[in-house]
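Keep in mind it's a predicted model, so treat the numbers as computed, not measured.
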There are 2 protein chains.
Amino acid sequence: MTEEEIKQSLKLYIVLSRAHKVIDEESHSFFQANGVNPTEFAVLELLYHKGRQPLQQIGSKILLASGSITYVVDKLEKRGYLNRVSCPNDRRVTYAEISEEGHAFMAKIFPQHERVLHELMGALNDEEKEQAIALLKKLGRSIKDLSY
Amino acid sequence: MTEEEIKQSLKLYIVLSRAHKVIDEESHSFFQANGVNPTEFAVLELLYHKGRQPLQQIGSKILLASGSITYVVDKLEKRGYLNRVSCPNDRRVTYAEISEEGHAFMAKIFPQHERVLHELMGALNDEEKEQAIALLKKLGRSIKDLSY
DNA sequence: TATTGTTATACTCTATAACTATA
DNA sequence: TATAGTTATAGAGTATAACAATA
C-alpha cells in the first residue's frame with residue numbers, strides 16, 4: 001500500500017462526494033419546489049411503487065425509528081397524500097396507503113424527477129454511464145459487505 | 001431521449017447514492033468514534049491543511065450561515081482544538097486557528113481517515129479507480145456548471 | 001453604508017423511552 | 001411476553017434576523 005494509492009482513494013472519495021453533493025442539492029431543491037423533503041419523497045415513492053406498507057416496514061426500509069415514522073406519516077396524511085388503513089388480520093398493524101391525491105402527485109413529479117436526473121447525468125454518454133454504474137455498484141456492494 | 005436512457009440515468013443515480021451512503025456511514029462512525037461530527041471535521045481539516053481562516057470564509061467554504069459558524073467554532077474552541085485570533089489589520093475579522101491540541105488530533109486521525117477510505121475503496125483496482133475518478137469528475141463538474 | 005461576527009430565537013428532523021392495544 | 005404504533009420529550013444542527021463593532 002503506497003502513499004500514491006492512498007491518495008488515489010482519497011481523491012475518489014472526494015470526487016464521489018462532490019458529484020453526489022451537487023446531484024443531491026439539485027434533487028433536494030426539486031423536492032422542495034414540490035413541497036416535500038427527501039424522506040417524505042422516499043416514503044411516497046415506496047408506497048407509489050410497492051403498494052401499501054405497514055408503518056413498521058416503512059421504518060425499516062427508510063431507516064427511521066418508529067416514533068419518527070409516525071411523525072412523517074402524520075405530515076403526509078395531513079397533506080392528504082396517504083391514508084392510514086388498519087389491518088383486519090392483525091389489529092396492531094396499520095398500513096400506509098397512498099391516496100388518490102398522493103398518487104396523482106407522484107404520477108406528476110416522479111417522471112419529472114427522472115428527467116431532472118437524466119439531464120444532470122447528461123455529461124456522460126451511454127457507455128460512460130454503463131461504466132460508472134458497474135464501478136459504483138461494485139464499490140457500494142463491497143463496502144456494504146465489509147460493514148456487516 | 002428514450003425510456004431506456006432515462007432508466008439508465010436513474011440507475012446511475014441510485015448506485016451513486018448507495019455507494020455514497022455506505023461510505024458516508026463508515027466515515028461518519030469513524031468521526032463519531034473520535035468525538036467530532038462531519039462539519040467539525042471539515043472545519044478542522046480546512047484549518048489543518050490551509051492554515052488559519054477568517055470565520056466568514058470558513059462559512060463560505062463549508063456552506064454554513066454565519067450564526068452556525070459561531071456555533072461550530074464555539075464547540076471546537078471549548079474542546080481546545082482551535083483558537084480565535086483577532087486580525088490586527090481589520091478589527092472586524094476573527095481568524096480561527098488550529099491549536100496544538102487540534103493539530104495533534106488531526107495529525108493522528110487524518111491518516112487513519114485516509115486509511116479507512118482506502119480500505120473501503122479496496123474493491124476497485126488502480127485502473128478502475130482512475131476510471132471512476134475521471135467519470136465522476138466529469139459528472140460533478142458538468143452539474144456544477146449547469147446549476148450556476 | 002457595508003461587512004464581520006455574535007446573540008437570540010425558532011424550526012426541522014431524528015432518536016429515545018414510556019405507554020396502549022393487541023397478539 | 002413480544003410487537004405495532006403513538007405520545008411526549010429532548011437533542012443536534014441549521015437558518016434567520018436583529019445587533020454591535022468596525023470599515
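One atom, OH of B/Tyr95, and another, P of C/dT3, lie 18 Å apart when rounded to the nearest Å. A straight line from NE2 of B/His28 to C1' of D/dG13 spans 11 Å, rounded to a whole angstrom. Between A/Phe41 atom CZ and C/dC13 atom P the separation is 16 Å, expressed in whole Å. We find that CG of A/Leu55 is positioned 20 Å from P of C/dT20, with the value rounded to whole Å. When rounded to the nearest whole Å, the span between CD1 of A/Ile69 and P of C/dT14 equals 9 Å. B/Ile62 has its CD1 atom 15 Å from the P atom of D/dG13, to the nearest Å. Note: CD (B/Gln32) to P (D/dA12) measures 12 Å, nearest angstrom. Distance CD (A/Glu40) to P (C/dT12): 11 Å, rounded to an integer number of Å.
Ranking C/dT22, D/dT22, C/dT7 by closeness to the A/Arg91 side chain, first place goes to C/dT22. Of all nucleotides listed (C/dC13, C/dG5, D/dG13), C/dC13 comes nearest to the side chain of A/Asn37. Each of C/dG5, D/dA4, D/dT14 was ranked by its minimum atom distance to the side chain of B/Val72; first place goes to D/dT14. Listed nucleotides D/dA12, D/dA4, C/dG5 differ in distance to B/Tyr71; the shortest reach to its side chain belongs to D/dA12. Comparing C/dA15, D/dA15, C/dG5 by their nearest atom to the side chain of A/Leu64 picks out C/dA15. Across D/dT6, D/dG13, C/dC13, the shortest atom-to-atom separation from the side chain of A/Lys75 is found for C/dC13. In the set C/dA2, D/dT6, C/dT16, C/dT16 carries the atom at the smallest distance from any side-chain atom of A/Ala65. Among the nucleotides D/dG5, C/dA23, D/dG13, the one closest to any side-chain atom of A/Arg92 is C/dA23.
Contact check for B/Ile62 versus B/Gln53: no side-chain heavy atoms found under the 4.5 Å cut-off. Side-chain contact between A/Leu47 and A/Ile58: present, with at least one pair of heavy atoms (C-beta onward) separated by less than 4.5 Å. You'll find the side chain of A/Val22 stays beyond 4.5 Å of the side chain of A/Leu120, heavy atoms only. Between A/Lys50 and A/Glu45 the shortest side-chain heavy-atom distance does not fall below 4.5 Å. Looking at heavy atoms from C-beta onward, A/Phe105 lies in side-chain contact with A/Asn34 at the 4.5 angstrom threshold. Residues A/Ser27 and A/Phe41 form no side-chain contact, since every pair of their non-hydrogen atoms from C-beta on lies 4.5 Å or further apart.
Of the two residues near DNA chain C, A/Leu63 and B/Thr70, the one whose nearest nucleotide lies more 5' is B/Thr70. Toward the 5′ end of DNA chain C lies the nearest nucleotide of B/Ser66, the other residue of the pair A/Asp90 and B/Ser66 mapping further downstream.
Within the 4.0 angstrom heavy-atom criterion, only backbone atoms of the sugar-phosphate kind lie near A/Thr94; the bases stay farther away. Backbone-only contact: B/Asn89 has heavy atoms under 4.0 Å from sugar-phosphate atoms and none from a base.
For C/dA15, the base has a donor-acceptor partner in the side chain of A/Ser68 [N/O atoms by modelled type, under 3.5 angstrom].
A sub-4.0 Å separation between OP1 or OP2 of D/dG5 and a side-chain N or O of A/Gln56 is present.
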